[in-house]
Amino acid sequence: MEEAKSQSLEEDFEGQATHTGPKGVINDWRKFKLESEDGDSVPPRKKEILRQMSSPQSRDDKDSKERFSRKMSIQEYELIHRDKEDENSLRKYRRQCMQDMHQKLSFGPRYGFVYELETGEQFLETIEKEQKITTIVVHIYEDGIKGCDALNSSFTCLAAEYPIVKFCKIKASNTGAGDRFSSDVLPTLLVYKGGELISNFISVTEQFAEEFFAGDVESFLNEYGLLPEREIHALDQTNMEEDTE
């Protein structure tokens, strides 16, 4: 019975120690608790515990202090170690998710720049011989036509952001069907997949403001579901963070 009371009291003190303020206040409270106890009613073990806790700097209690400190250090180590394990597990899980997504986005050929098609034959060959999983976005333009230069610049940015999409451009006069692509319908966007035309937009810049950028073109294509998810570049950053820890 006495041992149970002592154990309960010890647990109470340990619990209080982890939630009190400065050390001086803790020691004062412990001394007060010791002095307020009836000397005859306090078991020797309880007195020893209170004395050790109220006099942590006593040289006579060096061994007891070291044992107490060692106990606390082990508890703290276990808490820190457990938290670190949880953090490492979460980081590994996040890294695996990033790798899985990166692999999905990276499946198939990669391009990363705008292809200039010189002839109608090259245009047809690009559409017919490219892999069926590849989306091909073609800008038909002509020098001096309003919006064509801005659209070509936008293509350069988007090609870097979406390396699994093949961005191409060709002058209307080089297609072999220049009469079908007069200045009235330029710039024109044609989107192919699996050798089939899936979308076409004539005078596409009418969909944008007077001044537009790659983000505007990207949003427009996304509205029609013509672009995949943007490739995520956070994987390398995650690896760098892990290496520094």
Side-chain angles (χ1 to χ4, degrees), residues 97-98 100-237:
C97 290
M98 294 292 292
D100 291 343
M101 185 174 291
H102 182 77
Q103 185 177 6
K104 290 179 181 178
L105 292 174
S106 301
F107 181 73
R110 300 173 66 82
Y111 307 99
F113 61 92
V114 180
Y115 290 78
E116 177 78 47
L117 306 179
E118 302 290 346
T119 64
E121 288 77 11
Q122 190 177 2
F123 173 79
L124 293 175
E125 184 177 345
T126 297
I127 302 305
E128 293 174 352
K129 293 188 177 181
E130 194 55 71
Q131 293 191 22
K132 292 184 178 181
I133 63 172
T134 299
T135 298
I136 305 170
V137 185
V138 182
H139 174 208
I140 299 179
Y141 74 102
E142 200 63 69
D143 293 335
I145 300 296
K146 184 179 179 180
C148 286
D149 287 343
L151 194 54
N152 280 334
S153 297
S154 297
F155 263 39
T156 300
C157 296
L158 293 177
E161 293 289 343
Y162 297 90
I164 62 174
V165 176
K166 188 169 186 177
F167 288 89
C168 305
K169 61 181 181 179
I170 184 172
K171 286 186 176 182
S173 55
N174 291 337
T175 61
D179 55 328
R180 297 180 56 187
F181 296 108
S182 64
S183 59
D184 295 335
V185 299
L186 298 181
T188 292
L189 287 186
L190 304 178
V191 185
Y192 295 86
K193 193 168 188 177
E196 300 291 335
L197 179 67
I198 59 176
S199 290
N200 70 90
F201 307 97
I202 63 174
S203 302
V204 68
T205 50
E206 292 180 359
Q207 306 295 325
F208 310 132
E210 185 74 17
E211 187 177 18
F212 65 92
F213 303 95
D216 301 306
V217 180
E218 178 183 28
S219 297
F220 175 77
L221 293 174
N222 276 326
E223 285 181 10
Y224 291 90
L226 298 174
L227 293 178
E229 292 185 54
R230 180 185 292 187
E231 183 149 341
I232 298 176
H233 301 286
L235 182 60
D236 292 337
Q237 181 65 28

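All of these numbers come straight from a predicted model, not from anything done at the bench.
- Residues F208 and V217 are in side-chain contact: their nearest non-hydrogen atoms beyond the backbone lie under 4.5 Å apart.
- For the atom pair CZ (F213) and OG (S153), the distance works out to 10.5 Å, reported to the nearest 0.5 Å.
- In this structure, the separation between CG on L197 and CG on L190 is 6.0 Å, given to the nearest 0.5 Å.
- From F220, atom CZ reaches atom CZ of F201 across 4.0 Å, with rounding to the nearest 0.5 Å.
- One distance of note links OG of S154 with CG of D149; it measures 10.5 Å at 0.5 Å rounding.
- For the atom pair OG1 (T156) and CZ (F167), the distance works out to 10.0 Å, reported to the nearest 0.5 Å.
- Partner K169 forms a salt bridge (charged side-chain N to carboxylate O under 4.0 Å, His left out) with one of E142, E118, E116 and no other, that one being E116.
- Interatomic distance, CD1 of I136 versus CG of L226, reported as 13.0 Å (0.5 Å rounding).
- Taking the centre of each ring, F113 and Y111 stay at or above the 6.0 Å mark.
- Residues L189 and L151 have side chains in contact (heavy-atom distance under 4.5 Å, counting atoms from C-beta outward).
- The side-chain heavy atoms of L221 and Y162, taken from C-beta on, include no pair separated by under 4.5 Å.
- Side-chain atoms of S219 do not come within 3.5 Å of backbone N or O of D216 as any donor-acceptor pair.
- Applying the side-chain hydrogen bond (donor to acceptor under 3.5 Å, both in side chains) rule to E125 yields no partners; only residues at least two apart in sequence or on another chain are considered.
- Residues K166 and T126 form a side-chain contact, since some pair of their non-hydrogen atoms from C-beta on lies under 4.5 Å apart.
- Here side chain to side chain donor-acceptor pair (under 3.5 Å) pairs that include residues 177-205, with residues two or more places apart or in two chains, number zero.
- Using a 4.5 Å cut-off on side-chain heavy atoms (C-beta onward), C148 and D143 make no contact.
- Here the shortest heavy-atom pairing between C168 and L117 reads CB-CD1, 3.9 Å.
- Residues V138 and F155 come closest through the heavy atom pair C-CE2, 4.4 Å.
- For the pair E218/E161, no side-chain contact is recorded, criterion being any heavy-atom separation below 4.5 Å from C-beta on.
- The shortest non-hydrogen separation linking I145 to L186 is CG2-O, 3.8 Å.
- Qualifying side-chain hydrogen bond (donor to acceptor under 3.5 Å, both in side chains) partners for E210, counting only residues two or more places apart in sequence or in other chains: K146.
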